[in-house]
Undergrad: 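Supplied in structure tokens, the structure appears directly below.
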Amino acid sequence: MNFNYLIWALVAIMYTPIFYRLYKVGWSDDYSHAYFIFPIVLWLIWRKRAELKQIFQNTPYVKNFFSLPVFLLGLLMFVFGWHQDYDFILTFSLIPLSLGLTTYIYGMNITKAVSFPLFYLIFLVPPPAAVLDAITLPMRHGVSVVAEIILRFFDYPITRNGLLITVGYNEIFMGAPCSGFRSLITMFSLVLAYVYISKGALLKKFVLAALIIPFALVGNVLRVITLCLITFYFGEEAGQGFFHNFS
């Protein structure tokens, strides 16, 4: 058992510099939800401690050699990501490495019991900048179009040129935070955790998860419209200063 603790301590030492850097700068802007993912993963595993203890004591251990290739895949991804200084691969490597190591040390039954927390680590992985831009750019464009249509319907003097919205004599640029991706991914990760721990019908859980996207998008459109209105009535300093950062 002590040897197992040593193995996990070595894993923690391996990933500490990466997560330290990500906690400082890598998860800013659109991926700031990642700060609470790892604590949630630890809590989800901790709350199953009685079940895990029972499985560990009552289920005969059977070595699963398929777990070794999975572990080696994670280890190779870590080495490659470290050599290339690629945070996406470095962080993603924790998933196959943890799955393979958990299965080999504790057996498949333990892995099944903690499979959701382990796969939940995917929300820690910062997507490549090109992928993030490919997602957020259409979202920013869509929000600006919808905001223009709604405000024009209420006879506000609004024009749009790409991502630049002009309301009266004030200009608002739909930057990356205006895409709504941050609120979408944050709500999605939190609701998935809630759905996992809650008791109820599968259909109810599915509907709750499916409603995340429209709720997040509508909420972001309302935020952008409110930003436009405050900017129109009180000027750019009021709209794009305090309210923009607060909202």
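Residue numbers start at 1 and run along the sequence shown.
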Undergrad: Can you check whether Tyr194's main-chain N or O pairs, donor with acceptor, with Lys205's side chain at less than 3.5 Å?
TA: no
Undergrad: Do Phe92 and Leu124 have side chains that approach each other closer than 4.5 Å (heavy atoms only, starting at C-beta)?
TA: no
Undergrad: Just by modelled atom types, is the Thr186 backbone N or O under 3.5 Å from a matching donor or acceptor in the Ser189 side chain?
TA: yes
Undergrad: Just wondering, do Thr231 and Val167 contact through their side chains at under 4.5 Å, heavy atoms?
TA: no
Undergrad: Is there a chain of hydrophobic side chains (I, L, V, M, F, W, Y, each step under 4.5 Å between heavy atoms) that links Phe215 to Ile212?
TA: yes
Undergrad: Tell me, yes or no, whether the heavy-atom count around Phe38 atom CZ, taken from other residues, nucleotides or ligands under 6.0 Å, exceeds 12.
TA: no
Undergrad: Verify the cluster assignment for Phe119 and Val41: are they in a single hydrophobic cluster under the rule of side-chain heavy atoms below 4.5 Å apart?
TA: yes
Undergrad: With sequence neighbours left out, which residue pairs that include part of residues 127-162 fulfil the ring pair (Phe, Tyr, Trp, His ring centres under 6.0 Å) condition?
TA: Tyr156-Phe232
Undergrad: For the side chain of Ser98 and the backbone of Ile95, is there at least one donor-acceptor N/O pair under 3.5 Å apart?
TA: no
Undergrad: Would you please indicate yes or no on a ring centroid separation below 6.0 angstrom for Tyr35 and Tyr23?
TA: yes
Undergrad: Taking all non-hydrogen atoms of both residues, which atom of Ser67 and which atom of Tyr104 are closest, and how far apart?
TA: OG-CB, 3.3 Å
Undergrad: Given the rule in the side chain to side chain contact (heavy atoms under 4.5 Å, CB included) test, do Lys204 and Val207 qualify, once you have shown the distances and angles that lead to the verdict?
TA: CA-CA 5 Å; Lys204 179 182 177 181; Val207 171; 5.9 Å; no
Undergrad: Take Asn161 and Thr166 through the side chain to side chain contact (heavy atoms under 4.5 Å, CB included) test and state the conclusion after the steps.
TA: CA-CA 8 Å; Asn161 183 13; Thr166 303; over 6 Å; no
Undergrad: Is there a path of hydrophobic side-chain contacts, each under 4.5 Å between heavy atoms, that joins Val218 and Phe188?
TA: no
Undergrad: Parallel, tilted or perpendicular: which describes the rings of His33 and Phe123, with under 30° parallel and over 60° perpendicular?
TA: perpendicular
Undergrad: On a heavy-atom basis, which atom in Ile40 and which in Ala193 lie closest, and how many Å separate them?
TA: CG2-CB, 4.3 Å
Undergrad: To the nearest 0.5 Å, how far apart are CG in Asn170 and CD1 in Ile158?
TA: 11.5 Å
Undergrad: What distance do Thr136 atom OG1 and Leu184 atom CG have between them, rounded to the nearest 0.5 Å?
TA: 12.0 Å
Undergrad: What distance do Leu164 atom CG and Ile172 atom CD1 have between them, rounded to the nearest 0.5 Å?
TA: 9.0 Å
Undergrad: Looking at every heavy atom in both Cys228 and Ile165, which two are closest together, and how far apart are they?
TA: SG-CG2, 4.5 Å
Undergrad: Identify whether Ile7 and Leu76 are in the same connected component of the hydrophobic contact network (ILVMFWY, side-chain heavy atoms under 4.5 Å).
TA: no
Undergrad: What is the distance from atom CG of Leu94 to atom CG of Leu121, rounded to the nearest 0.5 Å?
TA: 5.0 Å
Undergrad: Under 6.0 Å from the CG atom of Asn58, do we count more than 12 heavy atoms belonging to anything else shown?
TA: yes
Undergrad: Side-chain contact, heavy-atom cut-off 4.5 Å: Leu217 with Pro214?
TA: no
Undergrad: Do we see a donor-acceptor contact under 3.5 Å between the side chains of Thr103 and Thr111?
TA: yes
Undergrad: Return the minimal non-hydrogen interatomic distance between Val70 and Pro96, and the atom names on each side.
TA: CG1-O, 3.3 Å
Undergrad: For a side chain to side chain contact (heavy atoms under 4.5 Å, CB included) check, start with the C-alpha distance between Asn220 and Met139, then their side-chain angles and the critical distance, and finish with the verdict.
TA: CA-CA 10 Å; Asn220 189 55; Met139 294 177 68; over 6 Å; no
Undergrad: For the atom pair CD (Glu148) and CZ (Arg160), what is the distance rounded to the nearest 0.5 Å?
TA: 5.0 Å
Undergrad: Is Ile37 reachable from Tyr20 through a run of hydrophobic residues whose side-chain heavy atoms are each under 4.5 Å from the next?
TA: no
Undergrad: List the atom of Val191, the atom of Ala209, and the distance in Å for their closest heavy-atom pair.
TA: CG1-CA, 4.3 Å
Undergrad: Does any donor atom in the side chain of Tyr15 or Ser93 lie under 3.5 Å from an acceptor atom in the other side chain?
TA: yes
Undergrad: Is it true that atom OH of Tyr196 has more than 12 heavy atoms of other residues, nucleotides or ligands lying nearer than 6.0 Å?
TA: yes
Undergrad: So, do Leu10 and Tyr5 sit near enough that their side-chain heavy atoms are less than 4.5 Å apart?
TA: no
Undergrad: Heavy atoms only: give me the nearest Leu90-Phe78 pair and the separation to one decimal.
TA: CD2-O, 3.3 Å
Undergrad: With a cutoff of under 4.5 Å between side-chain heavy atoms, which Ile, Leu, Val, Met, Phe, Trp and Tyr residues group with Val145?
TA: Ile149
Undergrad: Within the distance-only criterion (no hydrogens, no angle test), does the side chain of Arg47 pair as donor or acceptor with the backbone N or O of Leu44 below 3.5 angstrom?
TA: no
Undergrad: If you apply the rule side chain to side chain contact (heavy atoms under 4.5 Å, CB included), what do you find for Arg140 with Phe173, and how did you get there?
TA: CA-CA 10 Å; Arg140 290 156 60 190; Phe173 180 73; 3.8 Å; yes
Undergrad: Who passes side chain to side chain contact (heavy atoms under 4.5 Å, CB included) against Leu52, sequence neighbours left out?
TA: Ile45, Lys48, Ile110, Ala113, Val114
Undergrad: Does atom CD of Gln54 have more than 12 heavy-atom neighbours, drawn from other residues, nucleotides or ligands, at distances under 6.0 Å?
TA: no
Undergrad: Mind checking the CZ-CG spacing from Phe19 to Asp87? Nearest 0.5 Å is all I need.
TA: 10.0 Å
Undergrad: Please tell me if the side chains of Ile55 and Tyr106 come closer than 4.5 Å, counting only heavy atoms from C-beta onward.
TA: no
